[in-house]
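Shown next, in structure tokens, is the structure this report addresses.
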Amino acid sequence: MIEAIDLTKRFNDVVALDRLSCQIPSGAIYGLVGSNGAGKSTLLRLIAGVYQPDGGTLTVDGEPIFENPGRKADLAFISDELYFLAQANLKRMSELYASAFADFSCARFDELVELFQLDPKKRIGTYSKGMRRQATLLLALSRRPRYLLIDEIFDGLDPVMRNIVRKLIYTDVCDRQATAIVSSHSLRELEDTCDRLALLYQGRIIFESEMDDLHTGLCKLQLVFAESPALVVEEQLRSAGLDPVKISQLGKIVTIILDAPFKGVSERVTAALDPQPMLLEELPLTLEEVFTYKMEAFGYHTEEVLPDE
Amino acid sequence: MSNTKRFLSPGLYKEGLRRLRPAGILFGILGIGFPLVELVMTAVSAIAKTGNPKMAMSDLTSLAQVVLVVAAIFALASVFYLFNFLNKRGSSDFYHALPVSRTTLYFSFLAAILTWVWGVGFLGLLLVVAVALIGSTPLTVAMIAVSLGMLLSATLFVVAAALMAASITGTRFMNLFVLVLIMIIPNAIASAFTQAVVGRVPSLPVEFVGAIGSVSLHNTLFMLASDMSLYGAATFAASIAMTVLWSFVLIGAGAWFFKRRLSELAGTITFSRGFLLVFRVALAILVVAFGTVPLAGGSGTNGLVVFLPNSFSHPTSFVTLLRYSIPLLIFILVIFLGFELLVTRKLKSMWRTLPSFGLVLIFTLAFFGAIFLYSASAQRFTPTADQIASVQMITSSYGVVSSSSSPIFSTLFSSTNTPASFNDILTRNITDNDSVLLQATATKLREPFSAEDSVNSNGDPAARLIVVRMKDGSMAHRLIAIRGGSNPDTFEQALLKSPEIASALLRLPKPDAQMRFAGSAFPLSTGSLSITNFVSATPQQYFVGAAQQQRAYRALYGLFYAEYQKLNSKEQYQVLYGDLSQGQVTVSSETTAVADFVGKGTVQVEGALGAQQFSNTYNFNTSKALLQYWAMNCLDMTTASTRAPSRVHLDELKLFTSSAARGVSSDTTSTASSDPFWAVKSARFVAAVRSGGSTITITEADGSSSTTSIDDDPTETEISNTLMQRAETIIKPALSRKFNLDAPVFASLSVNYYEENNRNQLSQATVIVPLTAQEVAALQALTKK
């Protein structure tokens, strides 16, 4: 488990992480989302032992990570700025990894080269941006690390590759109880990937939740009335003990977001309303919508916290 | 790999080796290739001249220096290549996330660098030693050990300085900038201090101006740029030890900073503004140091000549001083502010640095004051004999001018350092406390010494470097002028009265198999030469082969050595240290008589003693050696005319009476008229001289060159080439006979070696031979009509 308590990191006058606290359990995929400068990369570098905290504590399996080779051996960190040796090909990079990491598996490397269909003898300098990203992921995954830290995980990858990477991470997490900590500035990218998500803003985690809880905590209903309803819907729902987070109306169509699980909610809404809707449909919420509503509930302006999708 | 206490990670060490492989191979090729190319080129040239490539394999020092320079550049490149990850965020992330401690990472890469650098250096040195052995260069185990020690320590220092620079900075520019500061600041300040002090006190040797001035001795890299002949094995050993110690300090400090270095420093200038302040002040101090040299009274050429005229070398008035100090300080301020602007690119931060310029002003005042105080103290050093505990001779041939003005690269890339003399190596190990010598030393130290005293009228070094140890435990190095000649001065006499020093001063190196010789006994066979206006750089054909010449010189030196042993100490002193410009040195009447006729020869002897190579040039003037030298001249002439009869010709022939012949030699003591009573010249010679080839430049094998004018003497009678050939036949037996001092008539033969078209002279030899009355008559008959 990775645990941060009041973790602080400053760069001269800039506070990149401000007394951040979190717990990342083993065997999970932990997503970090936030706009540029929110502190995602800094947090990952601190977890990787690249940066030394200026305050607070950060432990991996109960031990501080900075200058702790024993713990760092369990981590694979993929920075947002990729590193390759000058003029090197993938084969040469595998030699570097084999020299530097005791857990590097050449067999696994060969398997993944096959899977990613990269030419190991071709100079990495000639690879496209996406292929370089693949190359780094491939090298890191060849170690089968206990903790996989990936900054901007899907940056430059096409949808097919994203799925492959997702599957590889799932497999490692499921089969070996590995932990993946991935960051992205895009919620959509993490939606189908993570078990748990943390939203960073100005160096702090302002919201953190299990993905399942996110999806089960809110529900979205679309109702169609025979006539345009008066603004009595919200009143009627509140009277029935239902707590609408947001109600929007477009002609005869009313969309309701409720802070309640889906189960049985349709019946309760139907019973509470008069006139009855002609049609009631339960709609899935996107992760973005969930975050938006949650953030607004906390008093944040979504456009500040999350970048444009 | 998970052990935090481990200094080395085998995996990272191997990776470091692998990363450096291409550069290592390249520099390995250069390290071995440069000496090889130099060697092959010299060998090819030697084969063309002598047919013997071994003659080329002589210069161990210059080859070893090339290896050192290559290894040092490789060391620098390796550190900046392997530790360049610190300058980029992506690579910094990668290496700092490795499951090793930063200390392990630092030392694993350091070990890889040293393996390659030392490997390349060692191989290069091995080649040099092999070459030296093949070429029969005088070589001892101690010399190899010193060379190896200097190579290893100097490259270690470069690596250490570069590591320190890389650890505390975050861009390539700053890496290099700080490296330069670390490497040269101590030496530059010491050097500037030394130059300024020596400019004011010429009797101070530039290499030994107190503890500060001797900084270069504490670093083998900079020691190479100084006059190496001054140092003994103990100095080399101390310098190697100091360099290693200083390198360890830098490596340790580098490791400390590397461990504490923030990963986010990658791509930024340096640790903090504090560091930037240190760099800025250091840069300004560097400029102050060199700008202060001419102000303080050092040589104008060593300072900021852009501001200060060369003629401005000894300021005395405060106004003059002020006049030149102000533009200097303005210049330093511009550099000070300019540096800040360059690295921060912020005008605001540039102005904020102004208060720290006070540190530079304080340093300037302190530096300037130290120079004046030290100079004044040095000038006051005139101890009495009672205060002196002992005296030690370091060298008898200290060259102030040559040693202080040689720039580092010309020294590194050429072998301008002359090896120490055999006697200097012996005397510098002797500490004498003889009361007469101490008194003479005290007297000598009160005599004024100027830079001009360091050379005699021949342009040769004529200053002794001595160490004076005081009874209070202090010591001082001083230069004193040698008043040589036939009458050694009080100090020299005092030296000779000390049995131990006299023995060391007057000892000749015993002939051994390692010795190599050079000289001017074979003028037609030695060196390459060219004629101005006509032929340039024509390879000279050797008539007497190199091996034969070495054998002849060895025999000559053996003879000289045997004769020398029989001389008394005063005569020996005159033979070794007599100043020819002050008149003929009389060793014996027999020698004088021989020298009057044949002149004196010189032989250069090179050998090895302990950790050092020595080189002595002897103006030998013992009778048997002189006659042997004359016989070698004759051998050269007869061999040349036998081997190339169509190109070697007798061109001028003059006959002298016995008394006139004594005046022909330039070394003669005779004041008699030296006019010949009969003189002829060949038609060939007249044609050649008249066509314009009146000057020939002769380049000797040792690199020295001389110019000889060949003039058409109108008093000589022109005869046909055929008649001259007949004269040659008449005179030839005289070249093989023993020299007869009592001969009635002596002939001066001028023989020229012509190029293919038989018009231009390539070399010339003149020799005086005794003739019989019959030979004289036969010669004179040639011109009777």
Side-chain angles (χ1 to χ4, degrees), chain A residues 9-12 14 16 41-42 44-54 60 63-88 92-104 132 136 139-140 143 145-149 151, chain B residues 1-23 80-82 84-106 108-109 112 170 258-273 344:
Chain A
K9 180 68 189 172
R10 292 183 205 91
F11 299 116
N12 296 323
V14 178
S41 299
T42 303
L44 283 176
R45 284 188 171 88
L46 282 160
I47 296 171
V50 173
Y51 288 168
Q52 187 174 17
D54 291 320
V60 175
E63 292 179 36
I65 186 72
F66 187 73
E67 279 292 84
N68 185 343
R71 292 281 61 80
K72 281 164 92 172
D74 295 334
L75 293 161
F77 171 51
I78 299 174
S79 169
D80 55 339
E81 292 190 22
L82 306 180
Y83 168 68
F84 300 104
L85 295 171
Q87 310 297 318
R92 173 68 186 90
M93 284 304 295
S94 73
E95 289 170 0
L96 167 64
Y97 271 68
S99 301
F101 303 103
D103 54 2
F104 185 81
R132 283 184 217 178
T136 314
L139 288 161
R143 290 180 53 202
R146 281 191 59 212
Y147 293 96
L148 185 61
L149 318 176
D151 201 1
Chain B
M1 207 172 286
S2 62
N3 190 347
T4 49
K5 287 173 184 169
R6 203 163 62 182
F7 272 85
L8 281 178
S9 151
L12 284 178
Y13 172 68
K14 275 187 219 160
E15 174 59 24
L17 290 180
R18 199 183 293 137
R19 296 272 305 278
L20 292 174
R21 192 163 51 202
F80 285 149
Y81 178 63
L82 221 47
N84 189 43
F85 71 85
L86 292 169
N87 296 334
K88 289 178 185 167
R89 188 168 155 180
S91 51
S92 179
D93 284 352
F94 177 82
Y95 285 97
H96 284 149
L98 292 179
V100 290
S101 71
R102 292 194 178 189
T103 311
T104 308
L105 175 61
Y106 181 86
S108 300
F109 276 0
F258 185 84
K259 194 173 166 63
R260 279 148 192 83
R261 178 193 173 94
L262 301 174
S263 187
E264 55 265 35
L265 193 65
T268 60
I269 301 163
T270 183
F271 262 62
S272 63
R273 287 203 62 80
T344 63

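First the proteins, then the strands, lettered A, B, ... as listed; each starts at 1.
Counting only heavy atoms from C-beta outward, the side chains of A/R45 and B/D93 approach each other to under 4.5 Å. A heavy-atom distance below 4.5 Å is not found between the side chains of A/F77 and B/H96. Counting heavy atoms from C-beta on, the side chains of A/R92 and B/R19 come closer than 4.5 Å. At a threshold of 4.5 Å between non-hydrogen side-chain atoms, the residues B/E15 and A/L85 count as touching. With contacts defined as side-chain heavy-atom distances shorter than 4.5 Å, the pair A/S99/B/R18 qualifies.
Of residues 84-92 of chain B, those residues with a non-hydrogen atom less than 4.5 Å from any non-hydrogen atom of chain A are, in numerical order, B/R89, B/G90, B/S91.
Remark: A/T136 engages no residue in a side-chain hydrogen bond (donor to acceptor under 3.5 Å, both in side chains) (not counting sequence neighbours). Checked against salt bridge (charged side-chain N to carboxylate O under 4.0 Å, His left out), A/D151 has no partners two or more places apart in sequence or in another chain.
Across A/P69 and B/P99, no two heavy atoms sit closer than the pair CB-O, 3.4 Å.
In this structure, chain B has heavy atoms under 4.5 Å from both the backbone and the side chain of A/L96. Only the side chain of B/Y95 comes within less than 4.5 Å of a heavy atom in chain A; its backbone stays farther off. Interface residue A/D80: only side-chain heavy atoms are found under 4.5 Å from chain B. With a threshold of 4.5 angstrom between heavy atoms, A/F66 approaches chain B through side-chain atoms but not through N, CA, C or O.
Applying the salt bridge (Lys or Arg N to Asp or Glu O under 4.0 Å) test to every pair with at least one member in residues 260-271 of chain B, sequence neighbours left out, gives these pairs: A/K9-B/E264.
To the nearest 0.5 Å, the span separating CG on B/L98 from CZ on A/F101 amounts to 4.5 Å.
Aromatic ring centroids of B/F94 and A/Y97 lie under 6.0 Å apart.
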